[in-house]
Amino acid sequence: MLIHDILRRSAKLYPTTIAIDDGREQLTYQQLAERVDYCCEGFRSRELLSGSRVVVLGYNSVDYAVMFFACARLGLVLVPVNAYLQGAEIEWILKDCGAVAVIAGTDYVARLQQDCSELLKGLQCFVLGPADEDHMQGWSSLSGHSRVRDYDPSTNESHQEYTQPVRSVVVQLYTSGTTGTPKGVLLSHLNIVSVVQAWLHEMPLKPASSRLMQATPLFHVGGMLICMCALASGSTLYLLPRFDAGLALDTLITKRITHTLLVPAMIQQIMMAPDIDSRDFSALEFMVYGASSMPETVINRAMEVFGCGFLQGYGLTETAGLALSLRPEDHCHGAASALHKRIRSAGREMLCCEVSVVNDQGKPVSPDEVGEIVIRGDNVCEGYWNNVEATQETIVSGWLKTGDLGRVDEDGYIYVVDRLKDMIIVSGSNVYPAEVEDAMRRHPWIADVAVIGVPNAMLGEEVVAVIILTVEGQRELEAGNQRTLSQQLKMHGQQHLAAYKCPVRIKYVPALPRTPAGKVQKTILRDQLVNRQGALQ
């Protein structure tokens, strides 16, 4: 099956069911397929050839989904760009991928024309709105918003015309660049469809009755995946343009949402609503979470508030978003149960792949021994764009090296210990920041924390906790008791951690730099807090 077969099938079986509602317009599956047809015609009339890169820059919308299917059907490679990047970063991606066309939301036209004006002169440019006088063509001229024609979803002649090998690249997603220069991850039809099928096995959706809210961005692999799952199942997708806690809460209730995907930071923000305990979430069946670690206190509170099943997904952009899942039944073991530990795991391997934890020699480790998580299967990407060296370093004998440290228990549950590159070495001993963060979050005055290592002449590195305080903690800080507060927090760490793992110093910040997927950008955090001599500022 190819990506465009997902929509072909749903349009044939559920033509009158609402496919997508983005708050501005609402399309049935038949109407969505029709718009994709017109978009394909528009791309072809502009002589965009198979393999050409089409960059899209904007927030979630119906037309974003249209682009996915139209490009997939024509053999074009869609390059979704992080909507929060600045001009120079966008220009770098446009050059790196060799874009022939760019499609931008109205909010981004001025930025593109200011920072990428020379580059744009050689590209076909479209704006998701009225035509711009500065050579940006209106998207409606390409996608046929106002055109009507007879459409018969039972015919598939036009689809046959664009048949491609399942391993042909359809999406080029750039990594966040938190550990260096962004790399263009090449995802094929096989990669994406295999994960959609595996995820629908974990999260069954009911055609024409399941209602799925998506607040995560379509330029992120998780957002792309959840959109594809909804449309493959014949469900209705309520697409928020971007995450807003109030809008998300209102949508969950008024639209009687049955399924949603949220990152932990989003769940925490929604639960901050003052009347959250009185809200009606009776329609909610599944809440999917992932992309960053979920503190146990937060998941326990979320299960209490929402009263639904929880499903965790673990994966990378390089695995089309998923590789492990922690199912609802794994969330339901009480604290007294020996199986309660599973709630701290990332789950077990999914149908689309094989997952292992290996040592430095590539051999599987013993249960509970720490090693690197590696993955092989249909979900593993085709490599990195124009970067043979990085591809060969990352995919070895078919196994994708994730860069995540983990351990596996006797039942196949894999626990992510930390990022290999984030590991801190204190006097020769390994310190995993995630473990320290988990311990520190148990203090009632800590709202969130990120742990980094900074150079130390005697120890090699020392542990620093960068903390966001709760309201109560902030009051203590503002009262002029910073030294006493820091001592209390260090003592808290000493109660839960070995001495060499405990934070030596503490910094207080109002916010942590995060990617749109909710991951803390520790490279940026270090740059903000550590000077050129390696000392904490």
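Annotation: ring pair (Phe, Tyr, Trp, His ring centres under 6.0 Å) contacts of Tyr415 (sequence neighbours excluded): none. Evaluation of the side chain to side chain donor-acceptor pair (under 3.5 Å) rule for Arg407 yields Asp368 as partners, not counting sequence neighbours. Applying the side chain to side chain donor-acceptor pair (under 3.5 Å) rule to His201 yields no partners; only residues at least two apart in sequence or on another chain are considered.
Relative to the ring axis of Tyr384, Lys183 places its NZ or CZ within 45° and under 6.0 Å from the centre.
In this structure the side chain of Val79 never reaches within 4.5 angstrom of the side chain of Val54, judged on heavy atoms.
Of the possible donor and acceptor atoms, one in the side chain of Asn60 sits under 3.5 Å from a partner among the backbone N and O of Leu218. Formation of a donor-acceptor pair under 3.5 Å by the Ser233 side chain with backbone atoms of Cys229 is found in this model. With hydrogens and angles disregarded, a donor-acceptor distance shorter than 3.5 Å links the side chain of Thr258 to the backbone of Arg211.
The stretch residues 184-208 participates, sequence neighbours left out, in these salt bridge (charged side-chain N to carboxylate O under 4.0 Å, His left out) pairs: Glu202-Arg327, Lys206-Glu285. Residue pairs that meet the side-chain hydrogen bond (donor to acceptor under 3.5 Å, both in side chains) test with at least one member in residues 440-453, sequence neighbours left out, are Asp438-Arg442, Arg441-Asp448, Arg442-His496, Asp448-Arg514. The salt bridge (charged side-chain N to carboxylate O under 4.0 Å, His left out) pairs that include a residue from residues 348-357 are Glu354-Arg376, where partners are two or more places apart or lie in different chains.
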#### Entry: Pair Val436-Val449, side-chain contact (heavy atoms from CB on, under 4.5 Å): steps then yes or no
CA-CA 9 Å; Val436 183; Val449 58; over 6 Å; no
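The pair Arg342-Glu296 fails the salt-bridge criterion, with no side-chain N (NZ, NE, NH1 or NH2) lying under 4.0 Å from an Asp/Glu carboxylate O.
With a 6.0 Å radius and a threshold of 12 heavy atoms from other residues, nucleotides or ligands, Glu389 has its CD atom at or below the threshold.
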